[in-house]
Protein chains: 2
Amino acid sequence: MGLEKDITIYDIADKLGVSPSTVSRALKNHTSIGSATRKKILAAAHDLGYRANTFASNLRRQRTNTLGIMVHELRSSFITSVLSGIENIAAETNYDLIITHSSENAAKEAANAENLFHKRVDGLIASLSFDTKDLNHFRKFFDKGLPVIFFDRVFEQGEGTKVIIDNYRAGYNATSHLIEQGCRRIAHITSSLSRNVYSERFRGYSAALRENNIPYEDNLLVVDSLSEEAAVRSANAILAISPAVDAVFITNDMCAAVVMQVIKEAGLRIPEDIAIIGFNNDMIGKVTNPKLSTIDYPGFQIGQVAARQIIHHLQGITDINMTNTIIINSELVIRGSSLKKQT
Amino acid sequence: MGLEKDITIYDIADKLGVSPSTVSRALKNHTSIGSATRKKILAAAHDLGYRANTFASNLRRQRTNTLGIMVHELRSSFITSVLSGIENIAAETNYDLIITHSSENAAKEAANAENLFHKRVDGLIASLSFDTKDLNHFRKFFDKGLPVIFFDRVFEQGEGTKVIIDNYRAGYNATSHLIEQGCRRIAHITSSLSRNVYSERFRGYSAALRENNIPYEDNLLVVDSLSEEAAVRSANAILAISPAVDAVFITNDMCAAVVMQVIKEAGLRIPEDIAIIGFNNDMIGKVTNPKLSTIDYPGFQIGQVAARQIIHHLQGITDINMTNTIIINSELVIRGSSLKKQT
DNA sequence: CTGTGTTTCGCAATCGGTTACTTTCATTAA
DNA sequence: TTAATGAAAGTAACCGATTGCGAAACACAG
């Protein structure tokens, strides 16, 4: 096998009879290199199959050109879309990504933060785990002036820039839509209200009820984990409510799909007896019967925005500290599961 | 903000009055350091909040402790499971990952390979894109003796180690199951037969038919892209076949779910009129009505095995070149969509 | 007390780029 | 003609960890 040593800027310098520094500068389009020299060097680099040694560069420049990504779960289509968006921008700008996930565990999240800090990433893009209580494990980043961007699960009042949707409005729109369809006893299946995404959606839900003079009832609120088993539990809880529920707003499509199934198995019709609206606009909502109304949560776009933002900051184009929160647009997607009136 | 410079082995050495080399060796448990000295150094490192500089180390050792991952698509639950499995092992062994995706594009795949090569990853784990025709873009890795492991989409005869399931057997089992259920006109919706996974499953399908004296018919084979739109097309193609089809083996659960929907909308019953079996065991199969029979494709496990294999090779524990192919177990999961007989 | 082995460390070169500071020339103003 | 100005390129000191080579220190047998 061809174990020839890699060629370096010194090799190029030797071949052309110039100094390594000239080669280095030419390679990165530094201004103080004559265009003739630059051209020669670029050509030679190409001919010799030169590949830059990132470590040498990182070591010297004290930067890594790497972003740390922290997510709470990899196996989620929303998260995957976000990653896809981040990767899209990172690839363009030649940044690497190190992706970690916390499995919804605050301790593991802290360990990941520590690890990424040691790896000296230039910045962080993170969505908090389910049971994260504070941002202490990001302290080192803040203190060192390293940019941190949160998305999805965030502390709205905390440090760092956030890229989120207007969860309040999303919850409000979903609920208003159900009310317009004639529903009055609207249940809400969601996860812990201590997480911003869920508490805000709940605020929107409550506000919509209030504005339509529908009294809020505590027993219409079901808080559980949104997992598959939890979905079955929640659905049964909903079915047991009396007087009967005529609509459910569920903050997760996968969960909603399972709930729909339980409801149908119980002999009720969707949307005639119970209208359903989910959240995320996952693929799964397109194959349920009827198809699932939902809120589109544009992960790809969120990932792009977050990545672009942090990279521009690192490139000195913008200052991230000037931006506290970026709101991405999200839309109500109406399909069969909530459409009682023909329009 | 606290921009104190990082502390290095030199700082530790100064503080303790030993040489940097001693510190370096102590930190990596080199044998030739007295245990008293080692203990002192470890303690000092901890006190001072020392964090190793990977670049300096990489530069010197000419290794990166990073694996390159190449997938054809990020937004797939199978792929995500694999990534999860890889991450699981990599985290344990302190390897970083750089994840790239080709969007099913051979040219982008080649560019990614080139990029990872320049980034000097220690090894590669890859699933080929849809239209990859050869392994030329991996040549540099092979030539340099860098380990490459393929999974899922592979060239079974090509260079490199492969981690796959027995796709032939999976196709055979799925089809045999349908035959046992009394089906005789079994259609097969799949993707390009030039990809190993699909051609092997097709071989299994054909073999099962042959063994049961069911003649193979060309028009029962539908090759398309498995996307959502393709699924609708394929389903309609199936419905147009005469004499009517009584079962379909589809090599992708998402596609199968959509096909089921089209079939039901056409007024046919599943499984009574048409039995369905998918592939992958995605979440989506659990919320269709009826639930989808499928082949479990254990992504997490595949990821773990691939990662473990390549890392052990890098650590010198095993030699990857001794292993050509690793077959992971996959199982038939029977649910409602294919169960015509009560057992 | 000398010689042979071990164990434990230190010296110093090295990995490949980057960049502050100089030097070298050529052009231009005085 | 000469000094000033600026563009182009070179010098060399880093960045922090690793490691081959060899020296010092100590143990122990003869």
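Each chain gets a letter, A, B and so on, in the order the sequences are listed, and its residues count up from 1. Note that the structure is predicted; figures quoted are calculated from it, not measured.
- OP1 or OP2 of dG16(D) sits under 4.0 Å from a side-chain N or O of Q62(A).
- We find that CG of L59(A) is positioned 14 Å from P of dC15(C), with the value rounded to whole Å.
- Around atom CD of Q157(A), no more than 12 heavy atoms belonging to other residues, nucleotides or ligands sit under 6.0 Å away.
- Closest-nucleotide positions on DNA chain C for Y10(B) and G17(B) were compared, and the one nearer the 5' end corresponds to G17(B).
- No side-chain N or O of K108(A) forms a donor-acceptor pair with one of N112(A) less than 3.5 Å apart.
- Between R139(A) and E159(A), at least one side-chain nitrogen of the basic residue sits less than 4.0 Å from a carboxylate oxygen of the acidic one, meeting the salt-bridge criterion.
- Of the two residues contacting DNA chain C, namely V18(B) and R60(B), the nearest-nucleotide position lying further toward the 5' end is that of V18(B).
- Among the atoms of the strands shown, only primed sugar atoms or phosphate atoms (P, OP1, OP2) are found under 4.0 Å from some heavy atom of I33(A).
- How far CD of E104(A) is from CZ of R153(A): 4.5 Å, rounded to the nearest 0.5 Å.
- One finds no salt bridge joining R308(A) and E92(A) here, because no Lys/Arg side-chain nitrogen approaches an Asp/Glu carboxylate oxygen to under 4.0 Å.
- OP1 or OP2 of dA9(D) has at least one side-chain nitrogen or oxygen of T37(A) nearer than 4.0 Å.
- Across the protein-nucleic acid pair, D11(A) atom CG and dG16(C) atom P stand 9 Å apart, rounded to whole Å.
- Neither OP1 nor OP2 of dG17(C) sits under 4.0 Å from any side-chain N or O of K28(A).
- In this structure, S57(A) does not reach the dG17(C) phosphate: none of its side-chain N or O atoms is under 4.0 Å from OP1 or OP2.
- A straight line from CG of L27(B) to C1' of dC9(C) spans 15 Å, rounded to a whole angstrom.
- The CZ-P distance, from R63(B) to dT14(C), rounds to 23 Å in whole Å.
- Phosphate contact (OP1/OP2 of dT19(C), side-chain N/O of S21(A), threshold under 4.0 Å): absent.
- Checking T22(B) against F55(B), the closest nucleotide of DNA chain D that is more toward the 5' end is the one next to F55(B).
- Between F141(A) and F117(A), the ring planes lie perpendicular to each other; the angle is over 60°, past the 30° to 60° tilted range.
- For dG16(C), the OP1/OP2 oxygens have no side-chain nitrogen or oxygen of T8(A) closer than 4.0 Å.
- Between I9(B) atom CD1 and dC9(C) atom C1' the separation is 14 Å, expressed in whole Å.
- Look at NE2 on H118(B): it is 16 Å from C1' on dG17(C), rounded to the nearest Å.
- Rounding to whole angstrom units, CZ of residue R25(A) and P of dT18(C) are separated by 11 Å.
- The side chain of N53(B) lies closest to dG16(D) when the candidates are dG10(C), dG16(D), dG17(C).
- Distance from the side chain of S24(B) is smallest to dT18(D) among dG17(C), dT18(D), dG10(D).
- Between the side chain of R61(A) and the base of dT18(C), no donor-acceptor pair under 3.5 Å is found.
- Atom CZ of R51(A) and atom P of dG17(C) are 11 Å apart (whole Å).
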